[in-house]
Every structure is written in structure tokens, then in C-alpha cells.
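Letters A, B, ... are given to chains in the order of the sequence lines, protein chains preceding strands, and every chain is numbered from 1.
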Amino acid sequence: MTTAPDTEQVRGRADAVGPTPAAAPDDVIRTSGLTKRFRGGQLAVDGLDLTVPRGSVFGFLGPNGSGKTTTIRMLMGLIAPSAGVATVLGAPMPQSVGSVLPRVGALIEGPALYGFLSGRDNLARFDAADPTSDPRTRAHRVTEALDRVGLTAAASKKARAYSLGMKQRLGLASALLQPRELLVLDEPTNGLDPQGMREIRALIREVAADGTTVFLSSHLLDEIEQVCTHAAVMSKGRLVVQGTVAELASRAQGRLVVRTPDVVAATDVLTKHRVTDLRADEARVDGIATALDEESLPRLCAALVSAGVRVHGFGLERGTLEDAFVALTGEGFDVAG
Amino acid sequence: MSQAEALEAGTTPTARTAGAAAAPRAQTAAGFAALFRSELVLTFRRTRTIALLGILAVLPVLIGVVVKIQTDGASGGQGPAFIAQVTQNGLFLVFTSLAVALPVFLPMTVGVVAGDSIAGEAATGTLRYLLVAPAGRTRLLAAKFTAGLVFCLAATLSVVAAAVATGAALFPLGEVTLLSGDTIGLGAALLRAVLVAGVVAASLAGLVAIGLFISTLTGSGIAAMATTVVLVITVQILDSFPQLHAIQPFLFTHRWLSFGDLLRMPMHWDNVLQNLGLQSLYVAVFGSAAWARFSSRDITA
């Protein structure tokens with residue numbers, strides 16, 4: 001664990017909060033020093049300090065095996081933390097599951113259904129498990145939830161005949177049986193085709209627009225970039241960084257890209273102007289232009305031209321979340337050992 | 001571009017309020033009871049449950065047919081309890097069938113249902129969704145236990161119903177001569193049969209609690225079912241060793257056949273009540289153990 005990078009907090013003006021562990025009303029989820037060590041000694045989550053502001057679509061990002069699901073299980077009161085505190089909707093977990101979870105919809109580690117029951121009966125079963133849900137409105141709410149995820153036509157089919165995508169949708173429907181303050185979705189687009197992924201993302205945006213905070217875990221960086229306002233990155237059980245998606249992406253260093261057939265000459269000029277980490281291929285040179293500001297960029301371009309480099313293209317490419325992740329962790333986005 | 005979109009959304013995260021989101025709802029009695037009803041529906045909609053009840057219903061038919069065919073050879077003192085009386089009165093097939101089903105068939109089916117109750121949900125992953133609903137661990141355990149007890153009653157009644165039907169079809173019915181020599185009418189005898197069914201179902205309560213406890217120990221439904229059934233057989237083997245007579249009164253199977261005492265005039269309640277007391281002790285001990293285990297367990301399945 002000593003090699004893991006230190007937790008770094010990135011706070012924007014929108015979610016500026018104090019360092020006190022007490023729950024502010026505007027934080028839907030707040031953890032402090034949250035740790036889970038399983039019997040057998042494996043440290044799955046290590047001192048997690050996470051803050052999810054109300055109204056955000058919060059991306060919880062990390063490779064498989066980085067501790068995302070264990071964190072979600074602790075937040076949902078399924079497993080008890082070894083140390084630290086988890087607060088959801090202002091109340092400590094797992095002590096307050098009875099009062100907190102009726103206001104939370106969750107999809108944890110894929111859907112799980114009763115194969116011998118129809119989709120509709122599966123939803124009725126999960127709805128009956130919630131003691132605060134009204135049996136008189138159950139049938140109506142089940143129908144609405146099925147409609148919302150596009151399963152109306154398959155509602156009376158046995159769940160064992162469902163495809164993985166349909167099961168995933170039914171899982172989402174059970175999270176949407178009630179109006180929720182918080183929706184926790186663990187890899188909701190797993191197993192879906194591209195069209196299904198788009199539909200689920202549209203649904204997430206729609207739910208968020210209604211005022212529900214969405215906590216979305218994923219190992220797909222572009223998914224987080226597409227739907228999330230905030231994100232946190234986990235690696236090997238530790239929080240690497242959290243903040244707004246825009247901030248995180250802006251932390252990724254932009255690269256200066258020069259398109260030219262004269263790669264060698266261009267590389268010479270760029271090196272003289274202290275552009276580092278140069279990579280050259282047939283018709284393109286790029287590098288990190290840390291020392292450059294807006295003033296010096298045109299001068300660098302002029303220098304290239306006066307050195308006889310035929311400049312076909314010249315510009316800065318903005319960083320992506322993936323670049324940010326690689327820059328922050330110094331590693332690829334692979335399954336953690 | 002997606003980043004621009006995210007950026008735009010990111011500028012106003014706190015401006016949103018939970019407008020359409022829920023106000024906290026209160027727990028209602030109907031809502032609380034819904035899980036118990038759902039649990040019963042779930043239990044009796046499984047093909048497995050129906051198959052088990054079917055097997056139990058076949059048993060009295062089998063015994064009835066065998067007795068009918070072998071009427072000439074049937075001699076007193078041989079075979080299961082009450083079998084000699086069956087040919088005189090078909091109603092005795094009820095008691096014979098219960099005496100045959102109680103050591104093996106009934107506990108086996110109960111072991112399957114109780115053993116699978118929590119472990120089966122854990123194996124399919126539905127347990128985590130019930131718990132985040134939130135079902136409440138104690139409430140879920142209580143609902144599972146209740147459904148187990150109802151299954152015991154259903155199992156016993158399916159033996160009784162099949163036995164009454166088979167007995168009426170194959171043998172004469174009429175006034176019943178009790179074990180004490182007194183005679184009662186058919187109506188009164190049927191009432192006693194129902195009473196006996198209730199007592200037999202209640203004597204399986206301890207086993208339901210044991211099965212539920214075993215079910216909280218594992219994430220495999222099959223393992224929990226097998227363990228429970230093996231336990232029943234082991235305990236009955238221990239019950240047959242005379243050397244172990246000191247512990248035998250505390251074995252949950254020891255007084256299972258005491259229901260015969262209810263076929264006397266007046267009824268002998270001593271053994272029956274001791275049996276029911278023992279069952280409540282088992283329910284208290286293993287119910288608490290199941291609760292202690294389940295309420296503190298990490299749900300990782």
C-alpha cells in the first residue's frame with residue numbers, strides 16, 4: 001500500500017466544503033477514513049474520504065478490483081466498515097439502514113432476480129421488502145417503473161428468459177420503484193449493447209434532472225465523462241482524486257501537436273523550446289508544453305516555419321479524463337492485482 | 001462534445017434541489033406485513049415446493065395400496081404404528097402415514113425449504129436487493145421463519161388430506177375405536193386428525209429454526225439443505241442408541257411420535273406438551289443464533 005499515491009482533494013467553488021467529518025445537509029454521501037479489511041487480511045478499501053454533493057451525478061471510477069463495490073456495499077449497509085464512518089443522507093451507516101434506504105435506489109454488482117417469477121412479480125417482491133412502501137399503490141408503481149425502462153412488453157415473461165440487458169433494465173426498474181433522493185448504480189451499463197447504453201445514460205440524465213443525486217460507479221472513463229458532473233477515482237482501495245469532471249479533465253496536461261512531414265526538423269526546434277516528452281511518428285510530433293503560455297505559442301509556430309518545417313497543423317489538444325487518470329496514478333487503467 | 005456537456009452540467013450542481021425526490025415515508029403495518037405475504041407467495045410458487053408436497057401426498061396412497069393388497073398377510077404388531085387398524089377404518093391411514101412420514105419424508109422437505117431460505121437468496125444475489133430495499137434483517141428472518149412454519153403445516157396437511165382420501169376410497173370409514181378402547185364418531189375422529197396434524201406440524205418448528213440457522217452460515221443453498229437433512233438423520237441415529245439415553249430427551253426428534261397419545265380417551269398431553277416445549281426451546285436457541293449470525297454478517301454475495 002505504500003506505493004499508492006496520496007489522496008488529493010480537488011474542490012471546486014460549487015462543492016467547497018469544510019474538512020469536518022460531520023455531515024453537511026448538502027452532502028448526500030460523506031465518508032471519513034472508511035476502511036474495510038476482510039477476514040484473511042485483504043485491505044479492500046483504505047481510509048476513504050469521499051464527499052458526494054447533493055444534486056450531482058457522481059462518477060465513481062476505478063479499475064476492476066479497486067474497491068468500488070466494497071465501498072458501495074458499505075454505503076448500503078451490507079457490510080460493516082472495519083474503521084471509519086460512512087454517512088448517507090445525513091445518517092450513519094449501517095446503523096440507519098431502516099430510515100435511509102427507503103430513499104435510496106440501488107443497483108449493486110449487476111441485477112439479481114427470481115428466475116421463476118415474471119419481471120412484474122420480481123418488482124412486486126422487491127417492493128414488498130420495503131416496509132415504507134404502500135401496498136395499495138404497488139401495482140401502479142411497478143407498471144410505471146417497467147414503462148420507464150422500456151420493459152412493458154416483457155413484463156409478464158419469466159425473468160429467467162430475460163437477456164442480460166433486460167435483467168439490467170429490470171434491476172434499474174427496481175431502483176426506480178419510488179421517487180428517490182439518491183440512486184446508487186454500480187456499473188449500470190454492463191452487458192448492454194451500445195443502444196442500450198445510450199438509453200440508460202439518457203435515463204440517468206432524466207433522473208438527475210428530477211433532482212435525484214446519482215452515484216454511478218464505472219470502469220468506463222468515457223461513460224463518466226459523458227454523464228457525470230463530479231467524479232472520484234479509486235486505485236488499489238484508496239481514493240486518488242475527487243472533484244468536478246471539468247476540473248479533473250483540465251488537470252490532464254494538454255499536448256502540443258504539430259502535423260508536418262518534416263518530423264526531424266520539427267523535433268529539433270521543439271526541443272530547443274523546452275517542449276518535453278516528445279513523441280514523433282510519420283507525420284506528427286507531439287509533446288508536453290508546460291513552459292509555453294499564450295504569448296510563446298505563436299513564436300514557437302513562427303520558429304518552426306522559419307526553420308523550414310512545413311507546418312500542416314499546429315495546436316493544443318485538450319486532455320481527457322483518461323490522461324488525467326494516467327497522470328495521477330502513473331499507471332494504466334488495468335485490473336488491479 | 002461530451003466534456004463541454006459535462007462542464008455545463010458541472011457549473012450548477014448545487015442549484016438543483018430534490019424537487020421530485022421523495023419525502024421520507026413512514027412505515028405502515030400493511031407495508032410491514034407485505035414481506036410476510038410475499039414470502040409465502042414465493043415459497044408456494046416454487047415448483048420445488050409443489051413437487052415436495054406432491055411427494056408427501058403420494059406416500060399415503062402408496063401405503064394404502066400396499067395394505068389393501070396385503071390385507072390377508074397383515075398381522076398385528078408388525079410394521080409401522082396403527083397399520084393393523086387401517087383395514088378396519090380408513091381414517092387410521094392418516095396416523096399410519098404421519099408415523100411413516102415423520103422420521104424421514106417430512107423433515108427432509110422441511111430441511112430443503114428451511115435450509116434454502118437465506119442461503120438460496122444469497123446464492124442468487126437477491127438477498128442484497130432485499131436488504132437494500134430495505135427488508136430489515138430481523139424482519140426478513142422472521143418472514144422466512146413464518147413461511148417455514150406455514151410450509152410445515154402445508155406439508156402435514158397434504159399427507160393428511162391424501163390419507164383421508166385414500167383411506168375413504170380403499171377402506172371402510174365409520175366410528176373410530178381409539179387406542180384406549182373407547183369409540184368416537186367419525187366427525188370427532190376427523191377433528192382429532194386435524195389436531196394431530198397441527199401437533200405434527202408444530203413438532204417440526206425446531207427443525208425450521210435449525211435449518212434457518214444453517215442457512216445463515218453459508219452462501220450455498222444446496223449445502224445448507226444437505227446439512228440440515230444430514231443433521232436430522234444423524235440425530236435420529238443417535239436417538240436409537242440405548243447408550244445415549246441421557247441425552248435423548250433433549251434431541252428434537254425424540255418425542256416426535258408422541259402424537260399417538262392424542263388418540264386416547266382422555267387425551268394424554270404430557271408427552272405432547274414436553275415435545276412442544278422442547279421445540280420452543282430449539283426455536284429460541286437456534287432462532288437467536290440465526291439472528292445473531294445474520295444481523296452481523298457481511299453480505300458479500
Side-chain angles (χ1 to χ4, degrees), chain A residues 12 14-15 26 38 53-57 73 76-80 97-99 101-104 106 108-110 112-117 124-136 171 174 178-181 208 210-213 222 225-230 244-246 249 318 320, chain B residues 1-39 41-42 45-48 121 123-137 139-140 143 296-301:
Chain A
D15 62 331
D26 264 1
F38 284 110
R54 185 174 288 275
S56 60
V57 179
R73 282 177 182 274
M76 297 293 99
L78 288 173
I79 61 182
V97 283
S99 58
L101 292 185
R103 297 181 278 155
V104 179
I108 305 161
E109 239 187 320
L113 305 165
Y114 300 91
F116 62 99
L117 294 182
R125 161 83 173 155
F126 291 125
D127 193 60
D130 177 0
T132 70
S133 83
D134 187 351
R136 285 167 299 180
S174 84
Q178 300 272 6
R180 310 284 194 187
E181 275 179 61
D210 287 346
T212 300
T213 307
D222 62 331
E225 284 196 296
Q226 281 178 41
V227 296
C228 293
T229 60
H230 294 65
T244 68
V245 166
R318 191 137 103 73
T320 64
Chain B
M1 176 170 179
S2 62
Q3 280 172 348
E5 190 181 287
L7 184 64
E8 186 183 72
T11 51
T12 55
T14 50
R16 292 170 181 163
T17 50
R25 299 178 303 271
Q27 177 179 314
T28 60
F32 185 85
L35 182 63
F36 290 78
R37 215 179 51 225
S38 164
E39 201 57 58
V41 171
L42 191 78
R45 277 188 67 174
R46 277 186 206 273
T47 321
R48 187 184 65 204
E121 302 263 11
T124 57
T126 44
L127 182 60
R128 62 174 183 266
Y129 286 107
L130 292 178
L131 291 182
V132 301
R137 299 193 183 197
R139 177 169 166 255
L140 182 60
S296 63
R297 176 177 147 193
D298 280 351
I299 308 297
T300 51

Contacting moiety of [X], where chain A heavy atoms sit under 4.5 Å:
| X | result |
| --- | --- |
| B:Leu127 | neither |
| B:Arg46 | both |
| B:Thr300 | both |

Of all heavy-atom pairs between [X] and [Y], which one has the smallest distance, and what is that distance?
| X | Y | value |
| --- | --- | --- |
| A:Ala129 | B:Ala133 | CB-CB, 3.6 Å |
| B:Arg139 | A:Pro131 | NH1-CD, 3.5 Å |
| A:Asp130 | B:Pro134 | OD1-CD, 3.9 Å |
| A:Glu109 | B:Arg128 | O-NH2, 3.0 Å |

From [atom1] ([X]) to [atom2] ([Y]), nearest 0.5 Å:
| X | Y | atom1 | atom2 | value |
| --- | --- | --- | --- | --- |
| A:Ile79 | B:Ile299 | CD1 | CD1 | 10.0 Å |
| B:Thr124 | A:Leu113 | OG1 | CG | 9.0 Å |
| B:Thr126 | A:Tyr114 | OG1 | OH | 4.0 Å |
| A:Arg125 | B:Glu39 | CZ | CD | 4.5 Å |

### Query
Do B:Leu131 and A:Leu78 touch side chain to side chain, with heavy atoms closer than 4.5 Å?
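Of all side-chain heavy-atom pairs linking A:Leu78 with B:Leu131, at least one is under 4.5 Å.
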### Query
Just wondering, do A:Phe126 and B:Val132 contact through their side chains at under 4.5 Å, heavy atoms?
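Heavy-atom side-chain distance check fails, nothing below 4.5 Å.
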### Task
Please flag which part of A:Phe38 lies under 4.5 Å from any non-hydrogen atom of chain B: side chain, backbone, both or neither.
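Just its side chain gets close to chain B.
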### Task
Indicate yes or no for a side-chain donor-acceptor contact from B:Tyr129 to the backbone of A:Ile108 under 3.5 Å, with no hydrogens or angles considered.
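Answer holds: yes.
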### Query
Partners of A:Asp134 by side-chain contact (heavy atoms from CB on, under 4.5 Å), sequence neighbours excluded?
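If we apply the side-chain contact (heavy atoms from CB on, under 4.5 Å) test to A:Asp134, skipping adjacent residues, the hits are A:Arg136, A:Thr137.
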